[in-house]
Chemist: 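Before anything else, here's the structure in question.
Order of listing sets the numbers, starting from 1, for every ligand and every atom in it.
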Amino acid sequence: MAAKKVAGVLGATGSVGQRFILLLADHPDFELRVLGASPRSAGKKYIDAANWKQTDLMPKSAENIIVSDCSSANFKDCDIVFSGLDAEYAGPIEKEFVEAGIAVISNAKNYRREEDVPLVVPIVNPEHLDIIQQKLDTAKEAGKQRPGFIICISNCSTAGLVAPLKPLVDSFGPIDTLTTTTLQAISGAGFSPGVSGIDVLDNIIPYIGGEEDKMEWETKKILGSVSTDKSHVELLTPEEIKVSAQCNRVAVSDGHTECIALKFKNRPAPSVEQVKQCLRDYVCDAYKMKCHSAPEQTIHVLEQSDRPQPRLDRNRDRGYGVSVGRIREDPVLDFKMVVLSHNTIIGAAGSGVLIAEILLARNMI
Ligand SMILES: NC(=O)C1=CN([C@@H]2O[C@H](COP(=O)(O)OP(=O)(O)OC[C@H]3O[C@@H](n4cnc5c(N)ncnc54)[C@H](OP(=O)(O)O)[C@@H]3O)[C@@H](O)[C@H]2O)C=CC1
Ligand SMILES: N[C@@H](CC(=O)OP(=O)(O)O)C(=O)O
């Protein structure tokens, strides 16, 4: 058996960072060795630095790791570094890591819009990693050292949205119009400071700063295709797809729900049964590649009239699967449905781990 790859986590004390700790404990391919967080946490044992809020206990293996500050020198032995850094600080820190030759998979928004940075939801568009492969091949051919690189994970609500869209576009052609109204969990707002109880209890907050723009833009990159020279992603244009998002914060701990409606470009549109069958039949590439964390059932089509529900359905396929229910015809567009995805697993840390498993399967780390 091959030796495990050494992994580090930046932002290890936060909402996403804690999920990374859980997902990497006892992982067959990765050994978590280095944890980084702010100067407030650096120098402390992880158990003392992290305000642990997960329903699973903190893994013993993480408790006594001394939290480092986020300089690349502390992570130089890592084969892969996952970032759950606060976006206010992620930009320069992640840049320094890449310049130091480190492979970074980031949850932060800072580099998602860079032309040559793949924005990857691993159950949807792992082929966008070809951009990184191209960089690695070019350096190798030139006799240079393996360069550092960054891969971004999408916004958490966008990850849930694009999962059912991918097989639908593959089977029935492009989507003309897409609307989504989200009901987002409080873990999505992070822990520092996070959403306060008095704000969210018995309440719905109809605004999440920047979220609607991110959903509308990132969808066009994720559903776009890699350029012929593999240097960048060609985004779908506003003429190719119209996307409209409305985002709300609700008093749910984990799991983002989205009420979506869509219209295909091609006529006649498929039937409801064809849409359901297409979603049921979808097998993501990561599962075909036998990646450890890949969901066996990428999309769970639920037939009960009152599902999906966050508490009951967010952990399907260990949080790597996406649930879709209430698929029906829409009198304005073609179809409407309710999508549920685990925001810190397939929407964040889980996607990071699954991307790393794909990189490993492709010998890219
Ligand atoms: N939560 C979610 O569902 C999703 C989050 N994201 C993105 O992932 C990232 C992390 O989010 P989340 O976990 O929710 O955020 P949190 O606020 O919970 O965690 C932020 C992390 O950043 C660290 N940090 C803060 N300031 C600094 C600094 N100056 N230097 C180094 N580290 C610092 C914190 O360390 P310390 O504890 O020491 O302060 C903590 O580990 C964000 O960019 C977010 O937008 C993306 C998708 C989904
Ligand atoms: N804004 C998302 C989480 C998040 O931080 O997203 P992003 O990484 O795109 O800023 C939420 O509140 O649920």
Chemist: Do me a favour and list the nearest non-hydrogen protein atom to atom 33 (C) of ligand 1 with residue, atom name and distance?
Modeler: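 Of every protein heavy atom, S38 CB, 3.5 Å lies nearest to atom 33 (C) of ligand 1.
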
Chemist: Using a strict cut-off of 4.0 Å, indicate which atoms of ligand 1 neighbour a heavy atom of G188.
Modeler: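 That gives atoms 1 (N), 2 (C), 3 (O) of ligand 1.
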
Chemist: To which protein heavy atom is atom 25 (C) of ligand 1 closest, and what is the distance rounded to 0.1 Å?
Modeler: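 Protein heavy atom at minimum distance: R40 NH2, 3.7 Å.
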
Chemist: Relative to the heavy atoms of C70, which atoms of ligand 1 are at a distance of less than 4.0 Å?
Modeler: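 So the atoms of ligand 1 that pass are 31 (C).
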
Chemist: Looking at R113 and D213, is any side-chain nitrogen of the basic one under 4.0 Å from a carboxylate oxygen of the acidic one?
Modeler: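 R113 and D213: salt-bridged.
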
Chemist: Could you check whether T237 and E240, counting side-chain N and O atoms only, form a donor-acceptor pair closer than 3.5 Å?
Modeler: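 On atom types as modelled, these side chains qualify, holding a pair under 3.5 Å.
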
Chemist: Please could you name the atoms of ligand 1 that A12 approaches to less than 4.0 Å, counting only its heavy atoms?
Modeler: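 So the answer, numbered in order with elements, is 41 (O).
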
Chemist: Using the rule given for side chain to side chain contact (heavy atoms under 4.5 Å, CB included), can you reason through L32 versus H27, listing the C-alpha separation, both sets of side-chain angles and the distance that settles it, and then say yes or no?
Modeler: CA-CA 9 Å; L32 184 54; H27 193 285; over 6 Å; no

Chemist: Which protein heavy atom lies closest to atom 22 (O) of ligand 1, and at what distance to 0.1 Å?
Modeler: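 For atom 22 (O) of ligand 1, the nearest protein heavy atom comes out as D86 N, 3.2 Å.
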
Chemist: Tell me whether H256 has any N or O atom under 3.5 angstrom from an N or O of ligand 1.
Modeler: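 H256 vs ligand 1: no N/O contact under 3.5 Å.
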
Chemist: So among K221, K230, K135, which one has a salt bridge (Lys or Arg N to Asp or Glu O under 4.0 Å) with D116?
Modeler: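 Checked K221, K230, K135 against D116; only one passes salt bridge (Lys or Arg N to Asp or Glu O under 4.0 Å): K135.
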
Chemist: Can D137 and K140 be counted as an ion pair, charged N to O under 4.0 angstrom?
Modeler: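 Between K140 and D137 there is no salt bridge, as every charged N stays at least 4.0 Å from the carboxylate O atoms.
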
Chemist: May I ask you to identify the nearest protein heavy atom to atom 36 (P) of ligand 1, giving residue, atom name and distance to one decimal place in Å?
Modeler: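 The closest one turns out to be T13 OG1, 3.3 Å.
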
Chemist: Which ligand 1 atoms does G347 reach within 4.0 Å, using its non-hydrogen atoms?
Modeler: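 Answer, ordered by atom number: 47 (C), 48 (C).
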
Chemist: Is the shortest distance from a Lys or Arg side-chain nitrogen in K276 or E303 to a carboxylate oxygen in the other one below 4.0 Å?
Modeler: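 Looking at K276 and E303, the cut-off is met.
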
Chemist: Check the pair I151 / H128 against side chain to side chain contact (heavy atoms under 4.5 Å, CB included), numbers first and verdict last.
Modeler: CA-CA 10 Å; I151 295 162; H128 287 202; over 6 Å; no

Chemist: Y282 ring centre to K166 NZ or CZ under 6.0 Å, with the angle to the axis within 45°?
Modeler: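 Here K166 fails the 6.0 Å and 45° test against Y282.
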
Chemist: Residues around ligand 2, heavy atom under 4.0 Å from any ligand atom, sorted by chain and number. Can you pull those?
Modeler: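 N107, R112, N155, C156, Q184, G188, A189, I208, E211, K214, R249, H256.
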
Chemist: When you measure from atom 5 (C) of ligand 1 to every protein heavy atom, which one gives the shortest distance, and what is it?
Modeler: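 For atom 5 (C) of ligand 1, the nearest protein heavy atom comes out as V16 CG2, 3.4 Å.
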
Chemist: Note the single closest protein heavy atom to atom 38 (O) of ligand 1, along with its residue, its atom name and the distance in Å.
Modeler: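 The closest heavy atom on the protein side is S41 OG, 2.5 Å.
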
Chemist: In the hydrophobic clustering that connects Ile, Leu, Val, Met, Phe, Trp and Tyr at side-chain heavy-atom distances below 4.5 Å, which members other than I131 occupy its cluster, ordered by chain and number?
Modeler: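 Besides I131, the hydrophobic cluster comprises V226, V233, listed by chain and residue number.
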
Chemist: Just jot down the ligand 1 atoms closer than 4.0 angstrom to any heavy atom of A108, in number order.
Modeler: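 Near A108, the atoms of ligand 1 are 43 (O).
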
Chemist: Salt bridge check, E357 against K5: does any charged N sit closer than 4.0 Å to a carboxylate O?
Modeler: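 Not counted as a salt bridge, because no side-chain N and carboxylate O are separated by less than 4.0 Å.
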
Chemist: Would you mind running through ligand 1 and noting each atom that sits below 4.0 Å from a heavy atom of F191?
Modeler: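 Checking each atom against F191, I get 16 (P), 17 (O), 18 (O).
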
Chemist: Can you list the atoms of ligand 1 that are under 4.0 Å from a heavy atom of A87?
Modeler: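 Listed by number with element: 43 (O).
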
Chemist: With sequence neighbours left out, what residues match D199 under side chain to side chain contact (heavy atoms under 4.5 Å, CB included)?
Modeler: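 If we apply the side chain to side chain contact (heavy atoms under 4.5 Å, CB included) test to D199, skipping adjacent residues, the hits are V195, S196, I205.
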
Chemist: Does the protein put any heavy atom within less than 4.0 Å of atom 44 (C) of ligand 1?
Modeler: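 For atom 44 (C) of ligand 1 the answer is no, since every protein heavy atom stays at 4.0 Å or beyond.
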
Chemist: For atom 9 (C) of ligand 1, which protein heavy atom lies nearest, and how many Å away is it?
Modeler: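 So the nearest neighbour among protein heavy atoms is L85 O, 3.2 Å.
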
Chemist: May I ask you to say whether D313 pairs ionically with R307, meaning some side-chain N is under 4.0 Å from a carboxylate O?
Modeler: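 Counted as a salt bridge, because a side-chain N and a carboxylate O are separated by less than 4.0 Å.
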
Chemist: With no hydrogens and no angle check, is any side-chain donor or acceptor of D176 less than 3.5 Å from a backbone partner on F264?
Modeler: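 Looks like no, no N/O pair under 3.5 Å.
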
Chemist: Using side chain to side chain contact (heavy atoms under 4.5 Å, CB included) as the criterion, point out the one residue from V322, V283, D317 that pairs with P295.
Modeler: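 For P295, the side chain to side chain contact (heavy atoms under 4.5 Å, CB included) check succeeds only for D317.
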
Chemist: Among all protein non-hydrogen atoms, which one is nearest to atom 1 (N) of ligand 1, and what is the separation to 0.1 Å?
Modeler: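 I find the closest protein heavy atom is S187 O, 3.0 Å.
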
Chemist: Only pairs under 3.5 Å count here: list side-chain donor-acceptor contacts from residues 41-48, not counting sequence neighbours, and write none if there are none.
Modeler:
from: K44; atom 1: NZ; to: R40; atom 2: O; distance (Å): 3.2
from: Y46; atom 1: OH; to: A12; atom 2: O; distance (Å): 2.7

Chemist: Which ligand 1 atoms, with their elements, are less than 4.0 angstrom from a heavy-atom of T344?
Modeler: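 The atoms of ligand 1 under 4.0 Å from a heavy atom of T344 are 3 (O).
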
Chemist: Counting only nitrogen or oxygen atoms and a 3.5 angstrom limit, does S154 reach ligand 1?
Modeler: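 No; the residue has no nitrogen or oxygen that sits under 3.5 Å from a nitrogen or oxygen of the ligand.
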
Chemist: Ligand 1 and P39, any nitrogen or oxygen pair closer than 3.5 angstrom?
Modeler: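 No; the residue has no nitrogen or oxygen that sits under 3.5 Å from a nitrogen or oxygen of the ligand.
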
Chemist: Is it the side chain, the backbone, both or neither of A348 that has a heavy atom closer than 4.0 Å to ligand 1?
Modeler: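 The side chain, only.
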
Chemist: Checking side chain to side chain contact (heavy atoms under 4.5 Å, CB included) between F82 and each of I153, L23, L24, L10, which is the one that passes?
Modeler: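 Exactly one option meets the side chain to side chain contact (heavy atoms under 4.5 Å, CB included) with F82, and it is L24.
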
Chemist: So which of G17, G84, S192, G194 gets nearest to atom 21 (C) of ligand 1, if we judge by its closest heavy atom?
Modeler: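 Selected option, by shortest heavy-atom distance: G84.
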
